[in-house]
Amino acid sequence: MEEKDYVKTVYVDGSEPDVDAVHLNNTEDGLDGLYHPEFDDSGTVEGITSFPEFLSTVVKRMNPIAFYKNFKAGMKYVLHTGSLINNGLCTETGKYAADATQLNPNIANTLAWQVAKVNSDFGDLSTDLSNVHTELNPIKSYYVNNINNNIVNKVNIVLWDTNTADSPFKAGNTTRGNGFCITYSSGEPYLCQLAMAVGDSNLYTRHRGPEGWSGWTTK
């Protein structure tokens with residue numbers, strides 16, 4: 001049924017109502033429209049893009065057919081219980097909204113709680129990886145300026161060259177200027193070292209105690 005204004009029954013000569021076919025049909029159409037309303041049910045009405053805009057169309061003495069049409073368009077912008085997603089399994093963008101409890105990180109197993117837990121786990125993992133890096137760093141091979149460089153209570157493996165102080169090369173034990181050194185220190189002043197030079201089959205050892213360094217020994 002198309003929207004149209006209600007046509008009042010008029011009086012003839014100011015006394016009796018005019019009940020001709022036109023007015024009777026108009027009355028019956030109006031009643032039938034209330035019992036069996038036909039309206040544009042597309043859910044799209046120009047000018048209604050929010051629930052407040054729908055409310056602004058609800059005025060006194062409005063056409064009921066227009067109300068039905070506007071009502072369907074306006075209800076799209078109302079959040080219903082059936083449109084709430086609680087288990088985080090939504091796969092359709094823009095169709096569902098999260099229950100407010102899902103946004104509370106203080107409630108166990110909610111979406112926000114799980115996100116917070118993942119972030120915390122990543123933080124713990126980052127700390128663990130940092131600790132692993134710290135643990136492995138002393139045994140990574142890198143050149144040092146002084147062969148005595150070490151981290152206490154760790155096995156240290158370093159590389160030395162002709163510029164490295166206190167190496168077997170600097171001490172005159174070998175003519176080879178490159179090699180590696182394994183150092184372990186349990187704390188001052190105790191320390192022991194085992195070194196080798198590239199192209200040299202000898203082993204070079206020394207240690208340090210309360211009396212000081214022993215000097216490099218060729219084996």
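Residues take their numbers from the sequence shown, with the count starting at 1.
Residues Phe180 and Val158 are not in side-chain contact: their nearest non-hydrogen atoms beyond the backbone lie 4.5 Å or more apart. Two residues are said to be in side-chain contact when any heavy atoms from C-beta on lie closer than 4.5 Å; Asn163 and Lys170 fail this criterion. Residues Thr57 and Ile48 are in side-chain contact: their nearest non-hydrogen atoms beyond the backbone lie under 4.5 Å apart. Side-chain contact between Asn153 and Tyr184 is present, with at least one heavy-atom pair separated by less than 4.5 Å.
With rounding to the nearest 0.5 angstrom, the CG atom of Leu194 is 11.5 Å from the OH atom of Tyr204. Rounding to the nearest 0.5 Å places OG of Ser214 at 4.0 Å from NE2 of His207. To the nearest 0.5 angstrom, Asn150 atom CG is 6.0 Å from Thr183 atom OG1. We find the CG-CH2 distance between Asn173 and Trp216 to be 8.5 Å, quoted to the nearest 0.5 Å.
Using modelled atom types, one side-chain atom of Gln193 and one backbone atom of Ile147 make a donor-acceptor pair closer than 3.5 Å. Asn178 places no side-chain N or O within donor-acceptor distance of the main-chain N or O of Arg176, the cut-off being under 3.5 Å. Remark: side-chain polar atoms of Asp200 are not paired, donor with acceptor, to backbone N or O of Val198 under 3.5 angstrom. Using a distance-only test at 3.5 Å, with no hydrogens or angles considered, a donor-acceptor pair links the side chain of Ser185 to the main chain of Tyr190.
More than 12 non-hydrogen atoms from other residues, nucleotides or ligands lie less than 6.0 angstrom from CZ of Arg208. Other residues, nucleotides and ligands contribute only 12 or fewer heavy atoms inside 6.0 Å of the CG atom of Asn145.
Counting all heavy atoms, side chain and backbone alike, Pro210 lies closest to Pro189 at N-CG, 3.7 Å. Here the closest heavy-atom approach between residue Leu159 and residue Thr164 is recorded as O-OG1, 4.4 Å. Taking all atoms of both residues into account, the shortest heavy-atom contact from Leu191 to Trp213 is CD2-CH2, 3.2 Å. In terms of heavy atoms, Ser167 sits closest to Asp161 at OG-O, 4.3 Å. Scanning all heavy atoms of the two residues, the minimum distance from Trp113 to Ile107 falls at CB-O, 3.1 Å. The two residues Ala195 and Trp160 come nearest to each other via the heavy atoms CB-NE1, 4.2 Å.
Side-chain N/O atoms of Asn202 and Thr218 include no donor and acceptor closer than 3.5 Å. Glu53 and Thr49 are linked by a side-chain donor-acceptor pair at a separation below 3.5 angstrom, with hydrogens and angles left out of the test.
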**Prompt:** Going through the distances and angles, do Asp166 and Asn146 end up as a side chain to side chain contact (heavy atoms under 4.5 Å, CB included)?
**Reply:** CA-CA 6 Å; Asp166 293 330; Asn146 191 306; 3.5 Å; yes

**Request:** May I have the step-by-step check of side chain to side chain contact (heavy atoms under 4.5 Å, CB included) for Asn119 and Gln114, ending in yes or no?
**Result:** CA-CA 9 Å; Asn119 287 336; Gln114 293 180 61; over 6 Å; no

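Cluster membership for Leu203 and Ile157, using ILVMFWY side-chain heavy atoms within less than 4.5 angstrom, is shared.
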